[in-house]
There are 2 protein chains.
Amino acid sequence: MPQDAVLLTTQVACDKCPIRNRAVCAHCESDELAELEAAKLYRNYEAGQVVTWSGDPMEFVASVVSGVATLTQTLEDGRTQMVGLLLPSDFLGRPGRQKASYTVTATTDLLLCCFQRRPFENLLNRTPRLSTRLLEMTLDELDAAREWLLLLGRKSAREKIASFLAILCRREAALTKVKPNGRLAISLPLTREAMADYLGLTLETVSRQMTALRKDGVIEMDGKRHIIIPSYHLLVEESGDDADGGPLI
Amino acid sequence: MPQDAVLLTTQVACDKCPIRNRAVCAHCESDELAELEAAKLYRNYEAGQVVTWSGDPMEFVASVVSGVATLTQTLEDGRTQMVGLLLPSDFLGRPGRQKASYTVTATTDLLLCCFQRRPFENLLNRTPRLSTRLLEMTLDELDAAREWLLLLGRKSAREKIASFLAILCRREAALTKVKPNGRLAISLPLTREAMADYLGLTLETVSRQMTALRKDGVIEMDGKRHIIIPSYHLLVEESGDDADGGPLI
DNA sequence: CGCTATGTTGACTGATATCAAGAGCCGTGG
DNA sequence: CCACGGCTCTTGATATCAGTCAACATAGCG
């Protein structure tokens, strides 16, 4: 049951924002940034809260400041598939569209930097640095979606899990700008069920394959949600991918 | 084995182009169109020809004028998944990227309206009507990719086939601006194997499910590549989708 | 200290893949 | 004109991977 988001009175200034150089505003200059700064509004969601239901009116677009959100689609009999995983700096919403096409859920505590849709669309139309960045981000998302198609269409359950973990490693590397090599640790922002919805599997299969990868020494587990990767290279080999799993940044 | 495309000397003028109001140039005005007109170069590919291999340098971007092209990705052991199906008016290539990320293949005879990448990027930077349209098209492709994720992750083989045929119906409707209702016919631009690559199945399963849908009266076949849909509504019911299969335009 | 979420494991089932054979179609060339 | 070879497609028999159903374990929380 969706509850209203908490509206924070204290907002971080744009020039001190942790996602300043990766979000949709990344290329903006000081005057443009000032305009965004004046229009922005932080919203906080608790883990498990629904941000919007598919089909509901969507009066704002937003950047993920911290936390994780998912986009999901559902068939008439309830089968659900995740179609988007939004991490810090990712953009939420589609300019020009008034209704949400997907159900958006906070899977961890989530902080969004929101803009009223209409004013943002206006700004987008007269700010090339904003629209160019949004195009770039959308093209990146399309590439990610196409990698995801390959995963869903052709990979085994074991390869799916390994690929997913490798993707998380790369996303973390992109954010911290540390190239993954040797031993590294990631925390899973998703339940087994959410992982299953990402990977087109059941939660039982996810659990079994995680156990198998652990027994084979590909991963180590420190609790259910904290994974240690002894060798990133080995993980990528298990993912079935052609090259080295794509660019690390 | 890729052969050089045939370069046509006779090019259709932009204002008589069949994809004029749907392609990336759709919103351009006469002066912008003149600039595109001067820069464009038609290329012709025969059915089966490879347009670019994944990883090869890509010196042009293009609009599909007529025919069908596919984007495919491959795992190290040869499993392949289609990740894009380009129909007339669709855009090929990514501005800002010099190497092709996917293997592009003409599955029918194919006519491309090509632009050298660098000049096109320059034009894109100083022509909002061009960049806005490209953003719009990219967002549409992302939506289509997300619908595809649901198909690959959660649908049965039978539902996948029905969904694919419904998608083709809708694309045809979008192009001819005729709303699909009652009896309608489509021609399959793909072999059974290419359909399998689209749907994450084997060609044998595609064949079996086509036969099953035929025996159940959901489709009729006039040769292998010409399908008659007695009832679009029934087809959508077989696709497993929630609503009516999304907007028809 | 139960209660509910989440996660693991086991036994069994079933949908789709795999392997294999053959049919239909088309272009080529004797 | 017909025979041949190469595709594409269909159909059948069998194997296998992941799903389903069920029981239990663990952890966080009121």
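Keep in mind that what you see is a predicted model, and the values were worked out from it rather than measured. So you know, we letter chains A, B, ... as the sequences are listed, proteins then strands, and number each from 1.
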Could you tell me whether a side-chain N or O of [X] sits under 3.5 Å from a main-chain N or O of [Y], the two making a donor and an acceptor?
| X | Y | value |
| --- | --- | --- |
| B:Asp109 | B:Glu46 | no |
| A:Thr138 | B:Leu139 | no |
| A:Ser63 | A:Ala23 | no |
| B:Gln209 | B:Ala157 | no |

task = Give A:Met195 one of three labels, base, sugar-phosphate or nothing, depending on what nucleic acid heavy atoms sit under 4.0 Å from its own.
result = nothing
request  = Give one of base, sugar-phosphate or nothing for B:Arg225, where a contact means two heavy atoms less than 4.0 Å apart.
outcome  = sugar-phosphate
query = Between B:Glu141 and B:Arg146, does a salt bridge (Lys or Arg N to Asp or Glu O under 4.0 Å) hold up when you go through it step by step?
reply = CA-CA 9 Å; B:Glu141 276 220 62; B:Arg146 284 170 168 164; over 6 Å; no
key: Nucleotides bounding contact with chain A, strand DNA chain C, heavy-atom threshold 4.0 Å   = C:dG7 to C:dA11
Cation-pi geometry met for B:Arg43 and B:Phe60 (6.0 Å, 45°) = yes
task = Carefully, step by step, assess A:Tyr232 and A:Arg170 under the rule side-chain hydrogen bond (donor to acceptor under 3.5 Å, both in side chains).
result = CA-CA 10 Å; A:Tyr232 176 73; A:Arg170 267 178 264 138; 3.1 Å; yes
task = Report the base-pairing partner of C:dA5 (Watson-Crick or G-U wobble, both distances below 3.5 angstrom), or none.
result = none
task = State the pairing partner of D:dT26; accept Watson-Crick or G-U wobble contacts with both distances under 3.5 Å, and report none otherwise.
result = none
Between [X] and [Y], does at least one N-O distance fall below 4.0 Å, as a salt bridge requires?
| X | Y | result |
| --- | --- | --- |
| A:Lys160 | A:Glu238 | no |
| B:Arg79 | A:Asp242 | no |
| A:Arg22 | A:Asp90 | no |

request  = Summarise how protein sits on nucleotides 24-30 of chain D as a single string, 5' to 3': B when a protein heavy atom is under 4.0 Å from the base, S for sugar-phosphate-only contact, - for no contact.
outcome  = -------
List the atom pairs, donor and acceptor, that lie under 3.5 Å between side-chain atoms in residues 197-205 of chain A and the rest of the protein, sequence neighbours left out.
unit_1   : atom_1 : unit_2   : atom_2 : d
A:Asp197 : OD1    : A:Thr80  : OG1    : 3.4
A:Asp197 : OD1    : B:Arg154 : NH2    : 3.1
A:Asp197 : OD2    : A:Thr80  : OG1    : 3.2
A:Thr202 : OG1    : A:Thr205 : N      : 3.3
A:Thr202 : OG1    : A:Thr205 : OG1    : 3.1

query = To the nearest 0.5 Å, how far apart are CE in B:Met221 and CZ in B:Arg214?
reply = 5.5 Å
task = Report the glycosidic orientation of C:dA23: syn if within 90° of 0, anti in every other case.
result = anti
Closest approach of [X] and [Y], non-hydrogen atoms and distance?
| X | Y | result |
| --- | --- | --- |
| A:Thr72 | A:Met82 | CG2-CA, 3.9 Å |
| A:Ala69 | A:Leu110 | CB-CD2, 3.9 Å |
| B:Ala194 | B:Leu190 | CB-CB, 3.8 Å |

message = Nearest whole Å is fine: how far is D:dT11 P from B:Met210 CE?
response = 12 Å
task = Rounded off to whole Å, could you give me the CE-to-C1' distance for the B:Met221 and D:dT8 pair?
result = 12 Å
Can you pull out the residues from [range] that lie within a 4.0 Å heavy-atom distance of DNA chain C?
| range | result |
| --- | --- |
| residues 67-84 of chain B | none |
| residues 200-209 of chain A | A:Leu203, A:Glu204, A:Ser207, A:Arg208 |
| residues 212-219 of chain A | none |

inquiry  = If you define the side chain from C-beta out and look only at heavy atoms, does anything of A:Arg183 sit under 4.5 Å from A:Ser231?
reply    = no
